[in-house]
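First up is the structure itself, then whatever we jot down about it.
For ligands, and for the atoms within them, numbers begin at 1 and follow the listed sequence. The chain is numbered in sequence order, starting from 1.
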Amino acid sequence: MKELLVRLIEKNRPTANKGQIADYIPALKKADPRDLGICILDMSGNICTGGDYNKKFTMQSISKVVALILALMDNGESIFNKVDMKATDEPFNSLYKLDLPHGVKPANPMINAGAIVTTSLIKGNGEEKFNRLLELLKKITSNKSLKYNVEVFQSEKTTADKNRAIAYLLKNKGLIEEDVEEILDVYFKQCSIEVDCVDLAKIGIFLANKGRILETNEKIVDEKTINYALAIMTTCGMYDYSGEYLSHVGIPSKSGVSGGILAVVPNRFGIGVYGPALDGHGNSVAGMELLKDLSNHLNLSLFS
Ligand SMILES: NC(=O)CC[C@H](N)C(=O)O
């Protein structure tokens with residue numbers, strides 16, 4: 001496995017040339033576009049890593065999976081009164097449909113509008129919401145030192161006109177009830193939580209293991225909630241590229257604009273990938289190619 005990972009990383013590293021680092025959040029520009037790393041965890045706790053697997057990056061949209069899980073744990077299925085679970089052909093930061101006359105709720109919790117809603121539905125005030133999300137993540141990853149990157153948080157907070165517009169529209173439509181700036185702060189902080197590929201693989205194996213911590217066998221999230229998370233990752237996790245990605249790679253996944261991809265092979269593997277050069281949809285170019293090769297080699301697709 002190790003040899004396979006090394007070979008696939010070196011094969012796919014040059015594909016980063018086809019992509020670009022996200023620069024709409026200025027602090028993300030510092031990433032090295034040639035970085036490519038992977039970590040795979042299996043259900044027996046075996047770990048295999050390759051390339052730049054220990055480079056740190058911020059979770060960005062990958063945090064939306066954790067916010068969804070927490071919102072479901074706190075409120076159950078009633079969250080779907082405020083956010084749908086439909087695939088979308090619009091970019092992750094689209095807002096215009098929110099202002100259509102007939103009260104359209106955000107398409108799904110994996111795009112920005114939907115994630116701002118799920119974040120608002122986490123119980124507690126702003127500080128409590130964020131702390132609960134971070135604590136859940138620390139437990140899932142068994143990484144007590146997880147924290148958010150203050151520079152990335154500030155950088156997004158001061159440049160987030162589009163997300164701010166989305167959030168005020170949501171408030172205007174009654175889809176979020178609390179103070180908009182407070183919710184946005186939680187959202188930017190969750191996006192700024194710093195992880196590496198190992199942390200992502202741990203989240204992956206937790207989902208693959210239906211909400212149980214692998215080491216302790218402790219069940220912390222019920223199966224129904226995990227099923228929702230995996231289903232919505234499958235249909236919406238790569239934004240408006242989810243259909244193509246599912247055809248090529250075939251497993252529930254979630255990307256973020258800093259270049260991370262969380263991928264799950266139910267009952268088998270948790271996978272974390274990092275490659276910061278992105279395609280036009282905001283997905284890691286080399287990361288997706290690497291996962292495609294890996295899926296072909298190991299028969300990972302749900303349809304294989
Ligand atoms: N696609 C993403 O990763 C988006 C997350 C980013 N923080 C944003 O809201 O724009």
Item to check | Whether Lys157 side chain and Asp185 backbone form a donor-acceptor pair below 3.5 Å | outcome: no

Checklist outcome for this item: Ranked by distance from atom 4 (C) of ligand 1, the top protein heavy atom is Ser61 OG, 3.1 Å

Item to check | Single hit among Leu36, Asn296, Asp293 for side-chain contact (heavy atoms from CB on, under 4.5 Å) with Leu8 | outcome: Asp293

Item to check | Sole residue of Asn227, Asp222, Asn267 in side-chain hydrogen bond (donor to acceptor under 3.5 Å, both in side chains) with Lys210 | outcome: Asn267

Checklist entry - Looking at Phe92, which atoms of ligand 1 are within less than 4.0 Å of one of its heavy atoms? => result 1 (N), 4 (C), 10 (O)

Item to check | Protein contact of atom 8 (C) of ligand 1 - nearest heavy atom, named by residue and atom, plus distance | outcome: Glu156 OE2, 3.1 Å

Checklist entry - Counting only heavy atoms not in Lys219, do more than 12 sit closer than 6.0 Å to its NZ atom? => result yes

Checklist entry - Between Tyr187 and ligand 1, which part of the residue brings a heavy atom under 4.0 Å of the ligand: side chain, backbone, both or neither? => result side chain

Checklist entry - Could you state the interatomic distance from CG (Asp279) to CE (Met238), rounded to the nearest 0.5 Å? => result 8.0 Å

Checklist entry - Under 3.5 Å between some N or O of ligand 1 and some N or O of Asn163? => result yes

Next on the checklist: Looking only at distances, can you tell me whether any N or O atom of Ile25, backbone or side chain, sits closer than 3.5 Å to an N or O atom of ligand 1?
Outcome noted: no

Checklist entry - Under a heavy-atom criterion of less than 4.0 Å, does Asn93 contact ligand 1? => result no

Checklist outcome for this item: among protein heavy atoms, the one nearest atom 7 (N) of ligand 1 is Gln60 OE1, 2.6 Å

Checklist entry - Counting both backbone and side chain atoms, is some N or O of Tyr24 under 3.5 Å from an N or O of ligand 1? => result yes

Checklist entry - Does any non-hydrogen side-chain atom of Ile220 lie less than 4.5 Å from one of Lys139? => result yes

Checklist entry - Do Thr119 and Leu184 touch side chain to side chain, with heavy atoms closer than 4.5 Å? => result no

Checklist entry - At a non-hydrogen distance cut-off of under 4.0 Å, which region of Val257 contacts ligand 1 (side chain, backbone, both, or neither)? => result both

Checklist entry - So is Tyr239 close enough to ligand 1, meaning a heavy atom under 4.0 angstrom away? => result yes

Next on the checklist: Test salt bridge (charged side-chain N to carboxylate O under 4.0 Å, His left out) on Arg132 and Glu135; report intermediate values, then the result.
Outcome noted: CA-CA 5 Å; Arg132 291 186 58 226; Glu135 284 313 309; over 6 Å; no

Next on the checklist: Any non-hydrogen side-chain atom of Phe57 less than 4.5 Å from a side-chain atom of Asp35?
Outcome noted: no

Checklist entry - Short list, please: which atoms of ligand 1 are under 4.0 Å from a heavy atom of Asn112? => result 4 (C), 8 (C), 9 (O), 10 (O)

Checklist entry - Which part of Cys191 is near ligand 1, with near meaning a heavy atom under 4.0 Å away: side chain, backbone, both or neither? => result side chain

Next on the checklist: List ligand 1 atoms under 4.0 Å from Gly256, heavy atoms only on the residue side.
Outcome noted: 3 (O)

